[in-house]
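Report on the following structure.
Reckoned from all heavy atoms, side chains included, excluding hydrogens, waters and symmetry mates.
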Amino acid sequence: MRVAAIRPVSSAPVLAALALLLLLVGSASLATGAMAGHVLGGKTDSPAAANSLETDGIARFAVDEHNKRENALLEFVRVVEAKEQVVAGTVHHLTLEALEAGRKKIYEAKVWVKPWLNFKELQEFVHTGDATSFTTSDLGAKKGDHEPGWRDVPVHDPVVKDAADHAVKTIQQRSNSLFPYELLEIIHAKAEVVEDFAKFDILLKLKRGTKEEKMKAEVHKNLEGTFVLSQMQPEHDESSSQ
């Protein structure tokens with residue numbers, strides 16, 4: 001009796017099918033995770049995006065969507081800060097300035113964008129504070145035009161954030177530390193107009209390497225918009241000193 005020869009079956013088609021299956025499962029998991037919480041990727045700062053036409057368009061979309069949902073009349077002014085989070089597409093975390101009844105206010109918006117599907121969705125839109133009156137144009141006012149002395153200002157205000165960023169940059173330049181300073185939080189801010197410049201007294205929470213610390217800084221801003229760090233000193237918690 002003649003026994004038929006058994007030909008070895010090629011494993012290539014099986015491996016290809018398995019690879020395709022894994023790819024489909026992975027893609028489905030990615031999409032499901034993104035839909036569930038949009039937290040697959042970490043948020044990254046995007047300074048260049050804050051001044052781009054694309055980001056301005058996304059911010060305007062956020063304001064328009066908010067107006068439709070809340071029957072509001074906000075007017076977009078500018079993007080203050082932009083961060084991006086890569087998911088199934090990109091989630092744009094924006095700090096923006098908008099006018100409400102003539103007053104500038106600060107808002108935090110989150111917009112999910114999938115360009116290949118022409119998809120754009122406003123996920124979140126929250127009012128975080130009023131913009132301070134200490135803008136570049138206001139710095140032309142004399143001291144008599146403002147209430148004398150220091151007064152509290154919103155920590156999310158664009159001018160306050162610019163002053164804080166300048167303080168951190170200058171602190172880093174003056175430091176001989178191998179680890180760069182990272183701004184974690186603006187804890188508190190005060191401002192005062194003195195003749196032809198504004199003074200900002202800011203309490204900052206910084207990180208250097210694995211160490212977190214608080215720093216108090218006084219920053220001046222003149223009519224030309226130039227920031228100068230006047231003084232700085234570590235801030236110690238009373239509880240830790242007792």
Side-chain angles (χ1 to χ4, degrees), residues 33-34 37-52 55 59 78-87 90-97 106-112 123-124 126-132 134 150-192 198-221 225-242:
H38 306 166
V39 293
L40 293 178
K43 287 188 291 184
T44 57
D45 290 326
S46 184
N51 300 313
S52 72
T55 304
R78 70 177 180 121
V79 174
V80 177
E81 185 180 54
K83 294 183 179 182
E84 296 179 350
Q85 180 182 10
V86 177
V87 290
T90 304
V91 175
H92 296 266
H93 298 259
L94 306 175
T95 301
L96 59 90
E97 205 175 82
I106 306 299
Y107 298 87
E108 299 284 347
K110 187 164 69 173
V111 181
W112 187 18
Q123 299 287 309
E124 188 176 296
V126 181
H127 173 229
T128 58
D130 295 340
T132 177
F134 292 97
W150 294 94
R151 65 187 179 93
D152 292 342
V153 291
V155 296
H156 293 289
D157 184 85
V159 182
V160 174
K161 296 184 83 168
D162 288 344
D165 288 339
H166 174 80
V168 175
K169 182 179 179 181
T170 306
I171 292 171
Q172 179 62 42
Q173 290 173 346
R174 296 178 183 179
S175 171
N176 58 3
S177 172
L178 296 176
F179 298 99
Y181 280 93
E182 178 186 352
L183 177 59
L184 297 179
E185 181 186 359
I186 302 174
I187 299 173
H188 186 256
K190 297 187 295 183
E192 179 185 24
K199 298 194 299 183
F200 297 91
D201 184 60
I202 311 173
L203 180 59
L204 307 170
K205 184 177 181 181
L206 307 176
K207 183 177 181 180
R208 181 177 49 168
T210 58
K211 180 183 177 182
E212 293 185 3
E213 55 188 294
K214 293 180 181 178
M215 191 79 69
K216 192 172 184 180
E218 183 176 310
V219 181
H220 296 176
K221 183 179 182 182
T226 302
F227 288 102
V228 176
L229 178 62
S230 175
Q231 55 181 308
M232 62 178 181
Q233 61 183 25
E235 181 79 2
H236 301 290
D237 293 331
E238 293 183 1
S239 58
S240 62
S241 61
Q242 292 177 351

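- Residues V111 and Q123 fail the side-chain proximity criterion, which asks for heavy atoms closer than 4.5 Å.
- A 4.5 Å side-chain heavy-atom check between L206 and L183 finds at least one atom pair inside the cut-off.
- Using a 4.5 Å heavy-atom threshold, the side chains of H188 and D152 count as touching.
- Distance NZ/K214 to CG/L184: 11.5 Å, rounded to 0.5 Å.
- When all heavy atoms of V155 and A189 are compared, the closest pair comes out as CG1-N, 4.1 Å.
- Considering every non-hydrogen atom in both I202 and V160, the closest pair reads CD1-O, 4.1 Å.
- Minimum interatomic distance between E218 and W150 (heavy atoms only, all atoms of both residues): OE1-CZ2, 4.4 Å.
- Put simply, CD on E235 and CD on E213 are 12.0 Å apart, with the number rounded to the nearest 0.5 Å.
- For residues 159-181, the set of pairs meeting the salt bridge (Lys or Arg N to Asp or Glu O under 4.0 Å) definition, not counting sequence neighbours, comprises E81-K161.
- Among Q85, K83, E108, the single residue meeting the side-chain hydrogen bond (donor to acceptor under 3.5 Å, both in side chains) criterion with H93 is Q85.
- Partner Y181 forms a side-chain hydrogen bond (donor to acceptor under 3.5 Å, both in side chains) with one of Q172, K207, R208 and no other, that one being R208.
- A 4.5 Å side-chain heavy-atom check between F227 and T170 finds every atom pair outside the cut-off.
- Side chain of H127 to backbone of G129: a donor-acceptor contact under 3.5 angstrom is found.
- S175 contributes no side-chain N or O that, together with a main-chain N or O of I171, makes up a donor-acceptor pair within less than 3.5 Å.
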